Amino acid sequence: MQQVQTSWFMHKDQSPIAQDLSTELNISPIIAQLLVNRGIHDLAQARLFLYGSLDDLHSPHELGGMEEAVTRIRQAMQQGEKIAIYGDYDVDGVCSVSILLDCFQRLSYPVNYYIPDRFEEGYGLNATAIQTLADLGYTLLITVDCGISSVAECELARDYGMEVIITDHHIPPPRQPEAIVINPKNDDIEAMYNLAGVGVAFKLACALLEDDLPDYWQQWLDLVALATVADVVPLQGENRILVKYGLQALANSQRPGIQALLELTGLSGQILKTWHIGFVLGPRINAAGRLDTADHSVDLLSTRDTKQA
Ligand SMILES: [Mn+2]
């Protein structure tokens, strides 16, 4: 049998911070040093990294634009306006759409969604889609996972009498669209800075449902984990917590579409890791938008019918 030839080179001197972490948290000096090597420099940060729980999630209202967005959506619902969710064809986009669709369903308010065609239209808001939605009488557009660069398209929407709420996580351009914008990259809250598109849509959905069904948000954790991992955002801050709990939620998901997907991939009853999302589940959800239309993936994640799933 071949001998393993790996050598480990350790940082010789443990920094005083690492020693503190090791004593205070009762963890091995090696783990403490690893935390320090990864930029974790105080007890609170280390505790959150190792033991962060759902109670540590920030209120959605800490995100800029949230109040305005919630007020505008409630107004639209009171006035019976037609609302469309404008998504994207990747895992982040379809999970975001599915969460908001479910949220509005809980609120008993009918909404529709639009996902551009990957080949014909490409990513993000486009003029033809906006015109189509305006012609259909939509007056409020809520983007997920896109929109932060769509200055001209938002102007066009305005010309058509449509208001746009942008929820996005991409880095904003110097000039942002004239719209209600929720994007953690605009805020200075470290824990939420790296949220994926789904994290931002999730926060909006939490805020919309907090009066009627304050605990319902836990049912979205499976989709949040799925899209957060598939979108390859850093698993730090809230992402780490959302994925930690979301992976368990995914394995135990009551969503017929997730159950069907787990069964098909031989993952039913297994402990799920991020690898399973990145290389087994994610690509299958992405495939719909690459081969035909991402609507199939939204249907899969939204259906309550086992047969259809
Ligand atoms: Mn994304």
Side-chain angles (χ1 to χ4, degrees), residues 60 63-66 69 84-103 113-119 121-126 129 141-150 153-154 164-173 176-177 179-187 189 191-206 220-243 246-247 250 274 277-279 281-290 293-298 300-302:
L63 287 172
M66 186 62 76
I85 299 156
Y86 194 105
D88 182 35
Y89 34 70
D90 71 359
V91 180
D92 198 17
V94 299
C95 288
S96 304
V97 168
S98 302
I99 288 177
L100 280 182
L101 285 179
D102 188 36
C103 175
Y113 74 92
Y114 184 94
I115 296 179
D117 184 277
R118 183 184 198 106
F119 305 103
E121 305 172 74
Y123 168 80
L125 289 170
N126 71 74
L141 222 60
I142 305 170
T143 76
V144 292
D145 195 32
C146 67
I148 197 62
S149 302
S150 305
E153 290 78 5
C154 285
V164 184
I165 295 173
I166 292 169
T167 80
D168 201 351
H169 70 123
H170 295 97
I171 294 173
Q176 297 189 36
I180 298 171
V181 175
I182 307 173
N183 184 334
K185 298 278 188 307
N186 281 330
D187 300 306
I189 305 164
M192 293 197 278
Y193 186 80
N194 287 313
L195 288 178
V198 79
V200 187
F202 168 72
K203 293 283 176 184
L204 174 61
C206 290
W220 294 319
L221 288 174
D222 54 349
L223 299 181
V224 177
L226 198 53
T228 299
V229 173
D231 223 45
V232 208
V233 288
L235 294 187
Q236 291 161 358
E238 289 203 356
N239 287 345
R240 197 174 165 78
I241 298 171
L242 291 167
V243 169
L247 280 171
L250 192 63
T274 51
I277 294 178
F279 293 94
L281 303 171
R284 284 173 165 82
I285 294 171
N286 265 330
R290 290 171 187 231
T293 160
D295 294 2
H296 296 311
S297 292
V298 175
L300 176 74
L301 298 175
S302 301

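Start at 1 and go down the list; that is how both ligands and their atoms are numbered. As the structure is a computational prediction, the values presented were derived from the model and not from experiment.
- Listed by chain and number, Asp92 OD2, Asp145 OD1, His169 NE2, Asp231 OD2 are the protein N/O/S atoms closer than 2.8 Å to the Mn ion (ligand 1), with waters left out.
- Here the shortest heavy-atom pairing between Pro116 and Tyr89 reads O-CD2, 3.2 Å.
- In this structure, Asp231 has no salt bridge (Lys or Arg N to Asp or Glu O under 4.0 Å) partners at least two apart in sequence or on a different chain.
- Taking the side chain as every heavy atom from C-beta outward, Pro184 and Val200 approach each other to under 4.5 Å.
- Residues forming a side-chain hydrogen bond (donor to acceptor under 3.5 Å, both in side chains) with Thr274 (at least two apart in sequence, or on another chain): none.
- Using modelled atom types, one side-chain atom of Asp92 and one backbone atom of Gly197 make a donor-acceptor pair closer than 3.5 Å.
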Report all side-chain donor-acceptor pairs from residues 142-150 shorter than 3.5 Å, counting only partners two or more places apart or in another chain.
unit_1, atom_1, unit_2, atom_2, d
Thr143, OG1, Cys146, O, 2.7
Thr143, OG1, Thr167, N, 3.2
Asp145, OD1, His169, NE2, 3.0

